[in-house]
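Please read the structure below before turning to the comments.
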Amino acid sequence: MNKGVISITDAEFETEVLQSELPVLVYFWATWCGPCQLMSPLINQAATTYSDRLKVVKMEVDPNPVTVKDYQVEGVPALRLIQKAHVLASTEGVIGKEKILEILETHLNNN
């Protein structure tokens with residue numbers, strides 16, 4: 001089982017996210033985004049902590065406009081928790097560790 005964050009592109013979104021057996025936390029970010037640098041360690045920690053129940057992927061917004069548009073990402077950093085093509089939770093902007101854990105615990109414990 002992969003315990004890290006997987007970088008994906010528009011072309012990989014369907015197989016890596018929509019066809020995943022596990023819920024997928026999609027982290028939308030940009031190289032020019034200072035707040036994204038603050039969120040990255042939290043995303044990595046979530047990937048490690050929940051590796052048995054969750055897949056974590058990251059997608060850079062600028063080179064992947066199709067998925068960004070499809071999932072209505074208007075600002076970064078942004079998170080979408082997706083399971084079987086349904087968005088379970090959605091955030092934009094910096095959120096703290098407690099909020100990420102709250103989102104994940106709420107949805108992963110319902111599986």
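Values below: every heavy atom of this structure, side chains too, minus hydrogens, waters and symmetry copies.
Nearest heavy-atom pair, Thr31 versus Gln37, reported as atom, atom and distance to 0.1 Å: O-NE2, 3.8 Å. Closest approach of Ala30 and Val76 over heavy atoms only: CB-CG2, 4.1 Å. Minimum heavy-atom separation, Pro77 to Pro35: CD-CB, 3.8 Å. Taking every heavy atom of both residues into account, Ile95 and Met39 meet most closely at O-SD, 3.2 Å. The minimum heavy-atom distance between Ala78 and Gly75, with the atom names listed, is CB-O, 3.4 Å.
Following chains of ILVMFWY side-chain contacts shorter than 4.5 Å, one can reach Val87 starting from Val57, so the two form part of one hydrophobic cluster. At a threshold of 4.5 Å between side-chain heavy atoms, the hydrophobic network of Ile, Leu, Val, Met, Phe, Trp and Tyr places Trp32 and Leu38 in two separate groups. At a threshold of 4.5 Å between side-chain heavy atoms, the hydrophobic network of Ile, Leu, Val, Met, Phe, Trp and Tyr places Ile6 and Leu18 in one connected group.
Residue Gln72 places its CD atom among 12 or fewer non-hydrogen atoms of other residues, nucleotides or ligands, all under 6.0 Å distant.
The distance from the CD atom of Glu14 to the OG1 atom of Thr67 is 10.5 Å, given to the nearest 0.5 Å. Atoms OG1 and CD1, on Thr48 and Ile43 in that order, are 11.5 Å from each other to the nearest 0.5 Å. With values rounded to the nearest 0.5 angstrom, Ile103 atom CD1 is found 12.0 Å from Glu98 atom CD. One distance of note links CD of Gln19 with NZ of Lys84; it measures 11.5 Å at 0.5 Å rounding. Interatomic distance, Leu81 CG to Ile100 CD1, rounded to the nearest 0.5 Å: 11.5 Å. Here the CG-CG distance, from Asp10 to Asp70, works out to 8.0 Å after rounding to the nearest 0.5 Å.
Among pairs with a residue in residues 72-81, those fulfilling salt bridge (Lys or Arg N to Asp or Glu O under 4.0 Å) read Arg80-Glu92, at least two apart in sequence or across chains.
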Quick one: side chains of residues 20-29, donor-acceptor pairs under 3.5 Å with protein atoms, not counting sequence neighbours, listed by atom name and distance.
| residue | atom | partner | partner atom | Å |
| --- | --- | --- | --- | --- |
| Ser20 | OG | Leu22 | N | 3.2 |
| Ser20 | OG | Leu22 | O | 2.9 |
| Tyr27 | OH | Cys36 | O | 2.8 |
| Tyr27 | OH | Ser40 | OG | 3.3 |

Walk me through it: do Gln83 and His107 pass the test side chain to side chain contact (heavy atoms under 4.5 Å, CB included)? CA-CA 10 Å; Gln83 184 170 27; His107 294 287; over 6 Å; no
Under the side chain to side chain donor-acceptor pair (under 3.5 Å) criterion, do Glu12 and Thr9 qualify, and how do the steps go? CA-CA 5 Å; Glu12 299 163 311; Thr9 64; 3.2 Å; yes
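Put simply, the side chain of Ile82 reaches to within 4.5 Å of the side chain of Phe13, judged on heavy atoms.
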